[in-house]
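Working notes, beginning with the structure itself.
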Amino acid sequence: MLLPPPAPAVEAAVATGFVPALDTEYRYHIEQERDEAGTIRRYATDRTVRFRRTPDGLVAQLTIDSVAGGLSDGPGAMFERAFATLKGRPIVYRLSDRGEVTGVVDRETVWTALIDAVAAQDGGDPAKKAMLQRLTAPLRTMPERQQVAMLGSMLTTLLAPDVVRRGVVAQHDIRQRATPPFDGGSEVTGTERIHAQGNALVEEQRLSGDVVASGGKASGRRISTITRRVDATTGMILTQQTTVRIDSDNATSIATTRITQRPL
């Protein structure tokens, strides 16, 4: 018996891994909790994304609806507060058919507003003002590609077309070149698998490796786990949980991030 041909959306999802519903709101809740040597910090944000087709291709409009709490001190907290100033301001991304961010509409204006929001946090303190000027000066001239990547991260953290393109994958060992805080040229190892769950694909990954300080000496050990449940038709994340544990000689920190797609 011949099977019927797959629906166009399924065919496209297999080919590109990315077929979001157009002119439809996708609402996401993102929350993170950090336990840093017994000090608990929490952060939460809500974002809405809507996709549409234009004569120039696929675009996504993202709006930060709410921001609550804060995760860190120092430069990290400054950028959290700076991104919060974009709340309610739609950001429009140009996308490839594979769900890759290729550009940001009115990028220069959005980027300047973000960096200005960082620089404005001096509180009238001349020393802090000078420090912020040193911090933001190279950011103002950051290459376009890096600006697009940083602004695009607010959207790409909600997309997982790579999981759909790969499909079901049996558990296997993986080895990856380290990225911060796995740095210093070290490698991280672990396991990965992707299995089907109804109309979703579930990716499970576990990695571990040394946290390498400046000078190339290991300063701790990190274990990370990630579970992503992805709509197999659209390539959009349905739920995701990431836990990162870092053990050092002085303390242990644990960060848990959860992403949840709210019902349409």
Side-chain angles (χ1 to χ4, degrees), residues 17-18 20-22 24-34 41-52 57-72 75-96 98-121 136 139-140 142-163 179-180 226 228 230-231 234-242 244 255-262 264:
F18 190 62
L22 301 181
T24 300
E25 286 190 347
Y26 288 93
R27 293 177 292 173
Y28 282 92
H29 180 71
I30 303 170
E31 59 185 28
Q32 185 174 121
E33 179 178 286
R34 288 187 183 177
R41 293 187 173 95
R42 295 181 177 88
Y43 176 85
T45 181
D46 291 286
R47 299 173 189 171
T48 299
V49 185
R50 179 185 289 267
F51 300 90
R52 70 178 190 274
L58 184 65
V59 299
Q61 177 178 290
L62 179 145
T63 305
I64 300 172
D65 300 312
S66 67
V67 178
L71 290 174
S72 60
M78 294 176 188
F79 278 96
E80 285 172 14
R81 290 191 289 268
F83 274 109
T85 66
L86 300 178
K87 185 176 69 173
R89 176 178 185 165
I91 303 173
V92 180
Y93 300 92
R94 299 186 185 91
L95 303 175
S96 73
R98 291 167 60 89
E100 301 153 332
V101 174
T102 60
V104 179
V105 174
D106 203 16
R107 171 187 51 81
E108 296 91 341
T109 301
V110 177
W111 185 253
T112 298
L114 179 65
I115 304 308
D116 285 348
V118 175
Q121 297 178 46
T136 57
L139 295 174
R140 294 188 186 280
M142 181 179 285
E144 178 180 348
R145 177 180 56 82
Q146 292 176 256
Q147 292 182 26
V148 170
M150 187 168 177
L151 293 172
S153 66
M154 289 192 290
L155 174 65
T156 55
T157 192
L158 310 176
L159 316 180
D162 58 306
V163 173
T179 56
I226 180 170
R228 290 196 289 178
V230 183
D231 188 308
T234 66
M236 303 290 292
I237 286 176
L238 298 171
T239 60
Q240 176 174 311
Q241 178 166 310
T242 304
V244 178
T256 302
T257 306
R258 299 179 182 88
I259 299 174
T260 306
Q261 184 186 125
R262 297 287 175 83
L264 299 176

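Every value quoted in this text rests on a predicted model; they were computed, and no experiment measured them.
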Tell me the closest heavy-atom pair linking [X] and [Y], and the distance in Å.
X    : Y    : value
A82  : Q121 : N-NE2, 3.9 Å
T63  : P90  : OG1-CA, 3.8 Å
V230 : A160 : CG2-CB, 3.6 Å
I226 : Q240 : CD1-NE2, 3.9 Å
S96  : T102 : N-CG2, 3.9 Å
P161 : F18  : CB-CB, 3.9 Å

Practice problem: Please identify each residue that fulfils side-chain hydrogen bond (donor to acceptor under 3.5 Å, both in side chains) with R228, with sequence neighbours left out. | Solution: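 Partners of R228 under the side-chain hydrogen bond (donor to acceptor under 3.5 Å, both in side chains) test: D162, E203.
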Straight-line distance of [X] [atom1] to [Y] [atom2], nearest 0.5 Å:
X    : Y    : atom1 : atom2 : value
Y28  : T239 : OH    : OG1   : 10.0 Å
Q241 : E31  : CD    : CD    : 9.0 Å
F51  : T234 : CZ    : OG1   : 8.5 Å
R27  : R50  : CZ    : CZ    : 11.0 Å
I115 : T136 : CD1   : OG1   : 7.0 Å
R41  : Q32  : CZ    : CD    : 11.5 Å

With the side chain counted from C-beta on, respond yes when [X] and [Y] share a heavy-atom pair under 4.5 Å apart, and no when they do not.
X    : Y    : answer
Y43  : V67  : yes
L139 : V118 : no
Q61  : V49  : no
L158 : I30  : yes
I91  : L86  : yes
R262 : D46  : yes

Backbone of [Y] reached by a side-chain donor or acceptor of [X] within 3.5 Å:
X    : Y    : value
T85  : F83  : no
S66  : T45  : no
T242 : T257 : no
Q261 : I237 : yes

Quiz item: Which pairs pass side-chain hydrogen bond (donor to acceptor under 3.5 Å, both in side chains) with one or both residues in residues 147-161, sequence neighbours excluded?
Solution: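 Sorted pair list: R107-Q147.
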Practice problem: Starting from the C-alpha separation in whole Å, work towards a yes-or-no answer on side chain to side chain contact (heavy atoms under 4.5 Å, CB included) for M236 and L159. | Solution: CA-CA 5 Å; M236 303 290 292; L159 316 180; 3.5 Å; yes
Exercise. Step through the shown structure and confirm whether more than 12 heavy atoms of other residues, nucleotides or ligands are within 6.0 Å of CZ on R52.
Key: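 No, not enclosed.
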